[in-house]
Amino acid sequence: MKEEYGIRLVKKELLGETCAVLTFFCPEIALSAKPGQFVNLSCSYFLKRPFGIMSVDRDEKTFSIGVRKVGKGTEQIIKANEGDTFTVLGPLGNGFDFSNVKKLLLVGGGTGIFPIFFAAQYAKENNIPCEVVNGYRSKNDAFLYDQFCCACGAFHATTDAGDLGVKGNVMAYLETMDDSELSDSTVMVVGPGIMMRKVSEWAKAKGLTCYVSLEQRMACGIGACLVCICKIKAEQEGKEFVHKRCCKDGPVFNAEEVIW
Ligand SMILES: Cc1cc2nc3c(=O)[nH]c(=O)nc-3n(C[C@H](O)[C@H](O)[C@H](O)COP(=O)(O)OP(=O)(O)OC[C@H]3O[C@@H](n4cnc5c(N)ncnc54)[C@H](O)[C@@H]3O)c2cc1C
Ligand code: FES
């Protein structure tokens, strides 16, 4: 059984009207979390809410998450004040596997840019060459732009509005990359389902290994309730697919195994 921790909000930074970065003091999570893992955070409504870990500060023993307001739980979490206390389960899920990675191409969109930031931070700390492509709606929505520029030497933004970086979605940039630039790259994508699917099809055509972080509705977050199941190909088991728990077996899967 995963341990639950009582934690304190030590810093809140609003990003526009609908998003915030929240930093919590929690040595257990700060010292053990891997990019791609998530936490399940309390609010005053039934069930904790899952959020990808955005960064850790091992010296300060804090971790941060980026939250977008979409419903009652996230609205309440964003309204919290520094000093407020929460309970949390984490770090949860498998996280990204960096063991055979020579070069990284990180692709983020929507709230996926928050966990992508943790992967960029990890790459920098571990001297893994890394390029990041984030898709935003517009310049006003380009959260963490400066932080990505610092964390990663090769950072590219695309905007639907065309007021920052390349106009269009992330594919508009990816399609301009030449094969020599891409050789030996492992692709990691977090974002809306349609974006992850398009990027994984592109990566397959380029012969690149691609990992995606699936987002399913969750309840327990620890593999007990089966609310979050997704279909994963299982040819080696003689089946078309098996059901896997996104929270415990994922949320990160090899894109080639996912049935979209
Ligand atoms: C692995 C993972 C990582 C995530 N990372 C982030 C992140 O970094 N930043 C961020 O802003 N959001 C993230 N989300 C989405 C976030 O969990 C939902 O937006 C949030 O749970 C919505 O809660 P609500 O009460 O505001 O909305 P409501 O719609 O009122 O929620 C009702 C119930 O449905 C669940 N639910 C609703 N939408 C989702 C969803 N998309 N995914 C899972 N459960 C959902 C809620 O947890 C709650 O139990 C992530 C989801 C998953 C599964
Ligand atoms: S959320 Fe309960 S099994 Fe995944």
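Values below: all heavy atoms of this structure, side chains included; hydrogens, waters and symmetry mates excluded. Numbering of ligands and ligand atoms starts at 1, following listing order.
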Next item on the list: Indicate if the distance from atom 2 (Fe) of ligand 2 to the nearest N, O or S atom of Cys220 falls below 2.8 Å.
Entry: yes
Notebook entry, point to check: Do any N or O atoms from the side chain of Lys103 and from the backbone of Ser183 form a donor-acceptor pair under 3.5 angstrom?
Noted result: yes
Checklist line | Proximity of Ala224 to ligand 2 by residue part, where a heavy atom lies under 4.0 Å | finding: backbone
Checklist line | Nearest non-hydrogen protein atom, atom 18 (C) of ligand 1 | finding: Val70 CG2, 4.4 Å
Notebook entry, point to check: What atoms in ligand 1 come closer than 4.0 Å to a heavy atom of Thr74?
Noted result: 20 (C), 22 (C), 23 (O), 24 (P), 25 (O), 26 (O)
Notebook entry, point to check: Among Val39, Leu89, Thr87, Ile29, which one satisfies side chain to side chain contact (heavy atoms under 4.5 Å, CB included) with Tyr5?
Noted result: Ile29
Next item on the list: Considering heavy atoms of the protein only, find what lies nearest to atom 3 (C) of ligand 1 and give residue, atom and distance to 0.1 Å.
Entry: Gly52 N, 3.6 Å
Next item on the list: For the residue pair Asn140 and Ser138, confirm or rule out a side-chain donor-acceptor distance under 3.5 Å.
Entry: no
Margin query: Need the ligand 2 atom indices (1-based, order shown) with element for anything under 4.0 Å from a heavy-atom of Cys247.
Written below: 1 (S), 3 (S), 4 (Fe)
Next item on the list: Determine, stepwise, if the pair Trp260 / Ser200 fulfils side chain to side chain contact (heavy atoms under 4.5 Å, CB included).
Entry: CA-CA 11 Å; Trp260 296 97; Ser200 60; 3.7 Å; yes
Notebook entry, point to check: Do Ser99 and Asp97 pass the side-chain hydrogen bond (donor to acceptor under 3.5 Å, both in side chains) test, and can you show the C-alpha distance, the side-chain angles, and the key distance before you say yes or no?
Noted result: CA-CA 6 Å; Ser99 51; Asp97 178 4; 2.6 Å; yes
Next item on the list: Just say parallel, tilted or perpendicular for the rings of Tyr211 and Phe96, cut-offs at 30° and 60°.
Entry: perpendicular
Notebook entry, point to check: So which heavy atom in the protein is nearest atom 47 (O) of ligand 1, and how far is it from that ligand atom?
Noted result: Arg49 CD, 3.3 Å
Note to self: I need the contact type for Gln216 against ligand 1. Using non-hydrogen atoms and a strict under-4.0 Å cut-off, is it side chain, backbone, both or neither?
What the structure shows: backbone
Check: What's the shortest heavy-atom distance between Ile77 and Val67, and which atoms?
Finding: CG2-CG2, 4.4 Å
Next item on the list: Name the closest protein heavy atom to atom 3 (S) of ligand 2, giving the residue it belongs to and the distance to 0.1 Å.
Entry: Leu226 N, 3.1 Å
Margin query: With heavy-atom distances below 4.0 Å as the criterion, list the atoms of ligand 2 near Ala219.
Written below: 1 (S)
Notebook entry, point to check: With respect to Phe86, which candidate in Phe24, Phe51, Phe63 satisfies the ring-ring contact (aromatic ring centres under 6.0 Å, His included) definition?
Noted result: Phe24
Check: How close does the nearest protein non-hydrogen atom get to atom 40 (C) of ligand 1, and which residue and atom is it?
Finding: Glu215 OE2, 3.6 Å
Note to self: Please list the nearest protein heavy atom to atom 21 (O) of ligand 1 with its residue and the distance rounded to 0.1 Å.
What the structure shows: Pro50 CD, 3.6 Å
Next item on the list: Please confirm whether Phe114 comes within less than 3.5 Å of ligand 1 when only nitrogen or oxygen atoms on both sides are compared.
Entry: no
Next item on the list: Mark up the atoms of ligand 1 that fall under 4.0 Å of a heavy atom belonging to Val67, in ascending order.
Entry: 11 (O)
Check: What's the shortest distance from atom 7 (C) of ligand 1 to any protein heavy atom, and which residue and atom give it?
Finding: Gly66 O, 3.5 Å
Next item on the list: Taking the six-membered ring for Trp and the single ring otherwise, decide whether the centroids of Tyr145 and Phe155 are under 6.0 Å apart.
Entry: yes
Note to self: Taking 4.0 angstrom as the limit and counting only heavy atoms of Arg68, give me the atoms of ligand 1 inside it, by number and element.
What the structure shows: 10 (C), 11 (O)
Check: Hey, which atoms in ligand 1 end up nearer than 4.0 Å to a heavy atom of Lys72?
Finding: 25 (O), 26 (O), 30 (O)
Notebook entry, point to check: Got a sec: does the CD of Glu235 have more than 12 other heavy atoms crowding it under 6.0 Å?
Noted result: no
Next item on the list: Look at atom 39 (C) of ligand 1 and find which of Arg217, Met218, Gln76 reaches it with the closest heavy atom.
Entry: Arg217
Check: Within a reach of under 6.0 Å around CG of Asn100, are more than 12 heavy atoms found that belong to other residues, nucleotides or ligands?
Finding: no
Next item on the list: Kindly say whether Glu256 contributes a backbone atom to a donor-acceptor pair with the side chain of Lys233 at under 3.5 angstrom?
Entry: yes
Next item on the list: Identify, by atom number and element, the atoms of ligand 2 in contact range of Gly221, meaning under 4.0 Å from any of its heavy atoms.
Entry: 1 (S), 2 (Fe)
Note to self: Return the closest protein heavy atom for atom 12 (N) of ligand 1 as residue, atom name and distance.
What the structure shows: Phe51 CD2, 3.7 Å
Notebook entry, point to check: Can you tell which of Asp141, Val190, Asn134 makes a side chain to side chain contact (heavy atoms under 4.5 Å, CB included) with Ile113?
Noted result: Asn134
Item checked: Shortest heavy-atom approach to atom 4 (Fe) of ligand 2 - which of Gly250, Cys225, Cys228 -> Cys228
Notebook entry, point to check: How far is atom 27 (O) of ligand 1 from its nearest protein heavy atom, and which residue and atom name does that atom have?
Noted result: Gly71 CA, 3.6 Å
